[in-house]
Amino acid sequence: MSISRRTARPLRALCVAAASAALALGAAGTALACDISEFSAEAKCVDGNGVIVVTDKDASGAPAVVTVFLENNGADVKRIGTPRSVKGTARGATVSFTEDWQPNAEYRVRVKAGGKLVDEDIEPNLRTPSAACASATPSAPASPAKPGTPEQSATATPSAPATSAAPSTPAARTPVPVPSQSSTAPAGTTVDNAPSPAAGDSHLAETGTSSRTPLIAGIAVALVVVGGGAVFYGLRRRGTGSAR
């Protein structure tokens, strides 16, 4: 039975639409399919502790189970912790394994995801950095203030008292200068080592009194004695004359 030209045109358009839809669904299925290339692993240090971080960038969000093994010469030495589950995102979802890894150590990371879509290792195996994690140094607590010893308390400088409590000092009065004896002694004379006059005898310095006062007084006494003797001798002589 032949198909008329009028019927063939709609049929042809339907076939083209079906083929296009099939291609689009195939492309979408390929894009949403889970693949091992969407997983990566890295050895890090967090607060001075080693961790192994696995990142899942599966945009389909298929559940995945990640297991990490320590390797030595191509053989598993031990499993690190327990398997962890993760759901990937386009930006990347992470899962961490606490491990005090050593420098240049090798780890095998196994991924199972999407049922039977993925069941293989991340290639190549994870190799840790050549330097170990530096231990985080906690901040030192402030040491409590030690109480002062008795010796320190005794030698501590007391605070200065208020100026209002200080007694009035006589130093505020200007002392009366006493003239030096050497300034009044004439040149060529020897000044006796006589003690300085007391504060109450300061008027002697003002009248010119010096260490020659005893000498002058001695001469005056001698003159008085000589004068008295002369008077006595004269009176006696006069009496003798009148008796004759």
Side-chain angles (χ1 to χ4, degrees), residues 3 5 7-144:
I3 301 175
R5 184 178 298 179
T7 305
R9 289 181 179 179
L11 185 60
R12 185 183 302 172
L14 182 60
C15 290
V16 171
S20 300
L23 290 175
L25 289 176
T30 303
L32 294 177
C34 185
D35 189 83
I36 189 63
S37 63
E38 297 169 336
F39 294 84
S40 61
E42 183 181 7
K44 294 183 177 182
C45 296
V46 177
D47 297 332
N49 299 318
V51 294
I52 295 176
V53 181
V54 179
T55 303
D56 180 6
K57 290 186 177 182
D58 175 21
S60 66
V65 177
V66 180
T67 309
V68 179
F69 301 90
L70 174 63
E71 290 286 290
N72 186 16
N73 295 326
D76 294 344
V77 176
K78 67 174 181 177
R79 187 182 68 184
I80 307 304
T82 58
R84 303 288 181 87
S85 299
V86 62
K87 273 190 175 184
T89 62
R91 300 183 62 179
T94 60
V95 60
S96 300
F97 296 81
T98 302
E99 169 67 356
D100 186 18
W101 49 261
Q102 299 301 314
N104 299 318
E106 184 179 356
Y107 290 87
R108 181 173 68 90
V109 182
R110 187 73 177 182
V111 177
K112 292 183 178 182
K116 295 182 180 180
L117 290 178
V118 176
D119 187 4
E120 52 187 311
D121 297 337
I122 297 177
E123 295 293 344
N125 286 344
L126 172 64
R127 179 74 65 173
T128 61
S130 59
C133 295
S135 59
T137 303
S139 58
S143 58

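Numbering starts at 1 and runs along the sequence shown.
- For the atom pair SG of Cys133 and CD of Gln102, the computed distance is 9.5 Å after rounding to the nearest 0.5 Å.
- Atom CD1 of Ile36 sits about 7.5 Å away from atom SG of Cys34, to the nearest 0.5 Å.
- Inter-residue side-chain proximity for Thr98 and Asn49 is flagged as unmet; no heavy-atom pair is nearer than 4.5 Å.
- When all heavy atoms of Ala132 and Pro103 are compared, the pair lying nearest together is N-CG, 3.6 Å.
- Counting only distance, with no hydrogens or angles, the side chain of Trp101 and the backbone of Lys44 share a donor-acceptor pair below 3.5 Å.
- To the nearest 0.5 Å, atoms CG (Leu117) and CG (Asp35) are separated by 9.5 Å.
- No donor-acceptor pair under 3.5 Å is formed between the side chain of Thr128 and the backbone N or O of Ala43.
- Side-chain N or O atoms of Arg79 include one that pairs as donor or acceptor with a backbone N or O of Gly81 at under 3.5 Å.
- Looking at every heavy atom in both residues, Glu106 comes nearest to Asn125 through OE2-ND2, 2.8 Å.
- Applying side-chain contact (heavy atoms from CB on, under 4.5 Å) to Thr55 and the options Thr89, Thr94, Val95 leaves one that passes, Thr94.
- A cation-pi arrangement is found for Arg84 relative to Phe97, the charged atom lying closer than 6.0 Å to the ring centre and inside a 45° cone about the ring normal.
- Here the side chains of Val111 and Ile122 are in contact, with some heavy-atom distance below 4.5 Å.
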Dump the intermediate steps for salt bridge (Lys or Arg N to Asp or Glu O under 4.0 Å) on Lys87 and Asp58, then the final yes or no. CA-CA 8 Å; Lys87 273 190 175 184; Asp58 175 21; over 6 Å; no
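- Note that CD of Glu38 is 7.0 Å distant from CG of Asp56, once rounded to the nearest 0.5 Å.
- Looking at Val86 and Val66, their side chains come closer than 4.5 Å, going by heavy atoms from C-beta outward.
- For the pair Ser96 (side chain) and Ile52 (backbone), a donor-acceptor distance under 3.5 Å is absent.
- In this structure a side-chain-to-backbone donor-acceptor pair under 3.5 Å is missing from Thr67 to Arg110.
- Under a 3.5 Å cut-off, the side chain of Arg127 and the backbone N or O of Asn104 do form a donor-acceptor pair.
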